[in-house]
Amino acid sequence: MYIYTLELTPAKKCGTINYTIFKELFDEACFYINKGLSFTRDGKELHIKEINKENIVVTLNSRNSLQNPARSLSALTRFLTSNYTDIFKEYVYNKTLFSMRLIESNTINSNNAIDMSDEEMLKTLIDLLYAFTAKSVSDTQNRKKTIDQIKELISPYLK
């Protein structure tokens, strides 16, 4: 599990907005975004950590590593500008509501593959085989070693 903490500030610098008065709207947005196809398929969850007058701190949990976690937050802008156009229209700048800054990135190693559903396991295997992006040489070596171990495990079933 990968956890990204991001700070959202207004994209439009000359405008002022008090985010605290829209807390319910942000909570609603997170609820519907997390239930959406893209987030459920990719194993992502968006949570609001804190809402201040001039910024919002959010956490984005993802089953897989994300090259650019801020891109996943475009769903928040889409939801708010689509459903609450009258409120947020004046705060849009360059097609977004927020300027995003990555504050922290953490990885939680979970060894609960036994508890995975078959669908999650299949998605993980597909990601390992086809959607893997190595960040280091050791990542590439671990990937190859894991694939070789999987091949050994399934070889008796191929005969």
Side-chain angles (χ1 to χ4, degrees), residues 1-11 19 22-52 55-84 88 92 94-158:
M1 173 79 63
Y2 298 87
I3 301 171
Y4 304 95
T5 305
L6 297 107
E7 178 188 36
L8 312 178
T9 55
Y19 288 127
F22 301 116
K23 182 183 180 339
E24 292 81 24
L25 299 181
F26 292 125
D27 288 338
E28 176 189 3
C30 285
F31 175 79
Y32 285 108
I33 290 167
N34 289 335
K35 298 288 184 198
L37 176 65
S38 174
F39 271 61
T40 54
R41 178 192 63 217
D42 297 337
K44 295 187 278 189
E45 286 186 359
L46 178 64
H47 301 282
I48 295 178
K49 194 171 182 180
E50 64 181 77
I51 298 178
N52 300 308
N55 69 354
I56 302 169
V57 178
V58 298
T59 57
L60 176 64
N61 301 338
S62 177
R63 181 174 44 225
N64 301 311
S65 176
L66 302 172
Q67 290 290 333
N68 188 355
R71 289 187 67 189
S72 295
L73 298 184
S74 62
L76 184 59
T77 292
R78 273 194 309 278
F79 182 89
L80 294 171
T81 56
S82 298
N83 296 307
Y84 301 103
F88 294 105
V92 174
N94 200 18
K95 298 182 182 179
T96 189
L97 283 173
F98 306 106
S99 176
M100 301 172 207
R101 182 174 66 91
L102 183 64
I103 298 173
E104 185 178 13
S105 176
N106 292 319
T107 305
I108 297 176
N109 292 329
S110 63
N111 296 325
N112 60 353
I114 293 170
D115 298 333
M116 268 185 173
S117 69
D118 292 345
E119 293 83 12
E120 290 174 320
M121 180 61 80
L122 182 59
K123 170 82 168 95
T124 302
L125 289 171
I126 291 169
D127 289 343
L128 178 68
L129 293 170
Y130 301 108
F132 182 80
T133 53
K135 294 188 187 243
S136 67
V137 173
S138 64
D139 282 350
T140 304
Q141 291 170 343
N142 286 338
R143 174 185 177 265
K144 179 160 178 23
K145 181 180 173 185
T146 303
I147 291 171
D148 289 342
Q149 289 172 343
I150 292 168
K151 287 177 181 178
E152 284 180 36
L153 288 171
I154 66 169
S155 65
Y157 298 99
L158 299 177

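Side chains are part of it too, since the values below use all heavy atoms of this structure and drop only hydrogens, waters and symmetry mates.
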[Y] and [X], any side-chain heavy atoms less than 4.5 Å apart:
X   : Y   : answer
L6  : V57 : no
L76 : L8  : yes
E50 : I48 : no
F26 : I56 : yes
L46 : L73 : yes
Y2  : P69 : no
P10 : Y19 : yes

Of all heavy-atom pairs between [X] and [Y], which one has the smallest distance, and what is that distance?
X   : Y   : answer
T40 : R63 : O-NH2, 4.4 Å
L80 : A29 : CD2-CB, 4.1 Å
I33 : F39 : O-CB, 3.4 Å

With [X], which residues qualify under side chain to side chain contact (heavy atoms under 4.5 Å, CB included), at least two apart?
X    : result
T9   : E7, K13, N55, S99
S38  : R41, D42, K44
L128 : R143, T146, I147, I150

Would you say N61's side chain and I3's backbone share a donor-acceptor pair under 3.5 angstrom?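 No: the side chain of N61 does not pair with the backbone of I3.
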
Give a yes or no on whether the backbone of F79 and the side-chain of S82 come within a donor-acceptor separation of less than 3.5 Å.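 Pair absent, no side-chain N/O of S82 close to backbone of F79.
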
Just checking Y32: does its OH atom have more than 12 heavy atoms from other residues, nucleotides or ligands closer to it than 6.0 angstrom?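 Incorrect, the count does not exceed 12.
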
Would you compute the distance between atom [atom1] of [X] and atom [atom2] of [Y] and round it to the nearest 0.5 angstrom?
X    : Y    : atom1 : atom2 : answer
L25  : C30  : CG    : SG    : 11.0 Å
K49  : I51  : NZ    : CD1   : 13.5 Å
L97  : M100 : CG    : CE    : 8.5 Å
R78  : T96  : CZ    : OG1   : 10.0 Å
K23  : D27  : NZ    : CG    : 3.5 Å
T140 : K145 : OG1   : NZ    : 14.5 Å

Hey, mind stepping through I103 and R101 against side chain to side chain contact (heavy atoms under 4.5 Å, CB included) and telling me if it holds? CA-CA 6 Å; I103 298 173; R101 182 174 66 91; 4.2 Å; yes

Between F22 and F88 (judged by ring centroids, cut-off 6.0 Å), do the two rings come close enough to count as a pair?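 Yes.
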
